[in-house]
Number of protein chains: 2
Amino acid sequence: MTSPLKRRASTGGTLHQRMRNDIEGRILSGEWPPGYRLPFEHELMSTYSCARMTANKVLSALAASGLVERRRRAGSFVARPKVHSAVLQIPDLKAEVENRGEQYGYELLERQQRGATRDDRGRLEVHLREPIIALRCRHDAAGQPFALEDRLLNLNAVPDAATQDFSQVSPSTWLVDHVPWTEAEHRISARNADATIAAELSVEVGAACLVIERWTWRSGEPITAVRFTHPADLYDLVARFTPSGQA
Amino acid sequence: MTSPLKRRASTGGTLHQRMRNDIEGRILSGEWPPGYRLPFEHELMSTYSCARMTANKVLSALAASGLVERRRRAGSFVARPKVHSAVLQIPDLKAEVENRGEQYGYELLERQQRGATRDDRGRLEVHLREPIIALRCRHDAAGQPFALEDRLLNLNAVPDAATQDFSQVSPSTWLVDHVPWTEAEHRISARNADATIAAELSVEVGAACLVIERWTWRSGEPITAVRFTHPADLYDLVARFTPSGQA
DNA sequence: AGGTCTTATTTGTCTATACATATTACACCG
DNA sequence: CGGTGTAATATGTATAGACAAATAAGACCT
């Protein structure tokens with residue numbers, strides 16, 4: 001299955017792309033292992049008969065993508081991969097379900113204004129102070145409960161939310177279109193369904209659920225916190241990695 | 001808590017950085033919302049009295065980071081965030097546990113050469129053909145079972161693995177140091193512990209577990225597949241996002 | 001041997017210019 | 001009115017040259 005390393009020099013595209021492909025190829029094939037010192041800008045210049053600026057931009061781009069590290073006076077080196085990192089994409093559930101070609105359904109289960117506390121809300125509240133709206137809703141796929149959404153909204157940051165009734169459009173969908181954010185943290189875990197969750201998701205008590213929690217900030221101000229609870233057998237999260245950065 | 005938008009123009013660093021900070025600031029503050037057309041290279045040129053090349057590099061860098069989109073003849077626009085994406089970092093478990101300041105323990109439970117099939121292995125095998133090594137091991141934190149690791153290794157891609165007994169060092173740790181990879185896919189899900197898992201993790205049958213599966217390739221050749229099974233209450237995955245790309 | 005100074009080398013940043021390419025907007029014509 | 005061609009414009013890519021900043025390596029002195 002391994003292709004017999006027939007690469008010599010790429011042929012199509014711009015000079016920049018060709019140079020980048022060549023270098024990436026050598027690194028990814030293992031021909032230039034981690035720690036290897038790649039050619040100086042000067043050498044690339046004569047190899048490809050290009051200006052230094054061009055070589056510089058190529059190497060800088062590779063450095064930006066994390067594939068090489070550059071040190072003045074020393075040269076550019078193939079970087080050692082540090083941790084197993086991947087890009088996680090968490091799409092809007094409506095789009096996600098419709099992408100699968102299934103019927104999407106949405107229902108608002110409960111709405112409370114002004115910091116009503118519900119025992120179960122747990123750590124979602126850590127970063128949010130009143131005034132908040134608390135919502136609980138359900139997303140369906142093909143007629144089956146697909147996710148439970150617990151949502152807290154900071155009304156100071158998102159005053160428009162107060163006038164929205166979220167009976168038709170889910171807070172997730174609404175937020176994507178109305179509120180920009182600058183920082184987010186996700187926490188992914190598993191739990192057993194308690195009686196309430198079991199009832200709302202139509203699963204048995206004790207069934208494993210995948211829980212995705214997210215806190216979102218904008219310039220340091222908390223915007224919203226959300227917890228999605230999925231029946232284990234209906235949902236997987238997928239994350240991909242490629243060193244070049246293009247997922 | 002919200003800072004009163006005192007930014008006007010950054011002051012330190014290189015011109016490139018200052019321009020970039022200014023623009024990012026305006027976008028992240030919401031002053032330039034998604035869809036907003038930012039100044040043409042030409043305009044930035046006179047605003048900052050710089051060469052077009054400099055403006056171009058700034059805008060190109062912002063485009064590369066996904067914060068803006070550029071269209072010929074039309075201009076550069078603040079990008080609409082598409083999906084909620086985040087950088088997921090999955091460290092080596094040994095490092096992870098020791099980072100928490102807890103005692104790390106490791107035990108090899110089982111080893112089978114040459115594609116021995118175990119019913120339970122399930123979809124891990126999808127991409128791997130023989131010859132393979134199959135391992136099952138346990139990672140402990142502070143004396144408690146912390147993760148179960150099911151590991152498949154492609155001996156064609158990693159012949160050295162045949163001579164390694166993994167009784168002292170875990171395959172994860174060994175692989176990080178010995179095998180480069182170019183592509184990976186993760187799948188994160190939840191499941192209830194069956195009798196086997198419950199016994200090996202010292203949890204009750206039916207307890208929710210967080211399952212992280214990973215397939216790794218190198219230039220298209222499958223290297224290894226692994227499944228980590230964590231007791232739900234001992235492990236969360238954390239993922240962070242900042243639009244600038246610097247986790 | 002060990003510490004300090006100097007120098008050469010490499011990358012970092014920027015300017016100024018040139019031509020290529022894609023695409024919008026508009027004028028023109030059937 | 002609608003389709004077509006054309007020009008204007010903004011970005012894409014590349015060149016050539018300049019100076020700044022960091023630092024590895026060697027020279028020098030103690």
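Lettering follows sequence order; numbering is per chain, from 1. Note that the structure is a prediction, hence the values are computed from the model and not measured.
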Less than 6.0 Å separating the ring centroids of B/Tyr36 and B/Phe77?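 Between B/Tyr36 and B/Phe77, the centre distance exceeds or equals 6.0 Å.
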Give a yes or no answer on whether the side chain of B/Thr54 reaches the backbone of B/Cys50 with a donor-acceptor pair at less than 3.5 Å.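 Answer holds: no.
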Under the rule for side chain to side chain donor-acceptor pair (under 3.5 Å), what residues qualify as partners of A/Arg52, not counting sequence neighbours?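 Here the qualifying residues are A/Glu41.
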Taking heavy atoms of chain A and a 4.0 Å limit, find me the 5'-most and 3'-most nucleotide of DNA chain C within that range.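 Listed 5' to 3', the contact boundaries are C/dA8 to C/dC14.
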Please name all residues satisfying salt bridge (Lys or Arg N to Asp or Glu O under 4.0 Å) with A/Arg71, sequence neighbours left out, ordered by chain then number.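 So A/Arg71 forms no salt bridge (Lys or Arg N to Asp or Glu O under 4.0 Å) with any residue.
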Salt bridge (Lys or Arg N to Asp or Glu O under 4.0 Å) against A/Glu102, all qualifying residues, sequence neighbours excluded: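 With neighbours one apart ignored, the set is empty.
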Any chance the side chains of B/Asp92 and B/Thr173 put a donor and an acceptor closer than 3.5 Å?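 Checked: B/Asp92/B/Thr173 side chains pair up, N/O donor to acceptor below 3.5 Å.
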Cation-pi, B/Tyr104 ring and B/Arg100 (6.0 angstrom, 45 degrees):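 No.
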From the options B/Arg227, B/Arg187, B/Arg151, select the one residue that forms a salt bridge (Lys or Arg N to Asp or Glu O under 4.0 Å) with B/Glu213.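 Only one option passes, and that is B/Arg227.
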Over its full length, what angle do the end axes of the helix from C/dA1-D/dT30 to C/dG30-D/dC1 make, each axis taken from five pairs and the result rounded to 10 degrees?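 Between the axes fitted at each end of the helix from C/dA1-D/dT30 to C/dG30-D/dC1 lies an angle of 10°.
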How does each nucleotide of nucleotides 7-15 of chain D score, in 5' to 3' order, for protein heavy atoms under 4.0 Å: base (B), sugar-phosphate only (S), or none (-)? -BBBBBBBB
Please find the pair of heavy atoms, one from B/Val97 and one from B/Asp140, that lie closest to each other, and give the distance.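 Smallest heavy-atom distance, with atoms named: CG1-O, 4.3 Å.
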Once the angle between the rings of A/Tyr106 and A/His139 is folded into 0 to 90°, is it parallel (under 30°), tilted (30 to 60°) or perpendicular (over 60°)?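 If you compare the ring of A/Tyr106 with that of A/His139, the planes turn out tilted.
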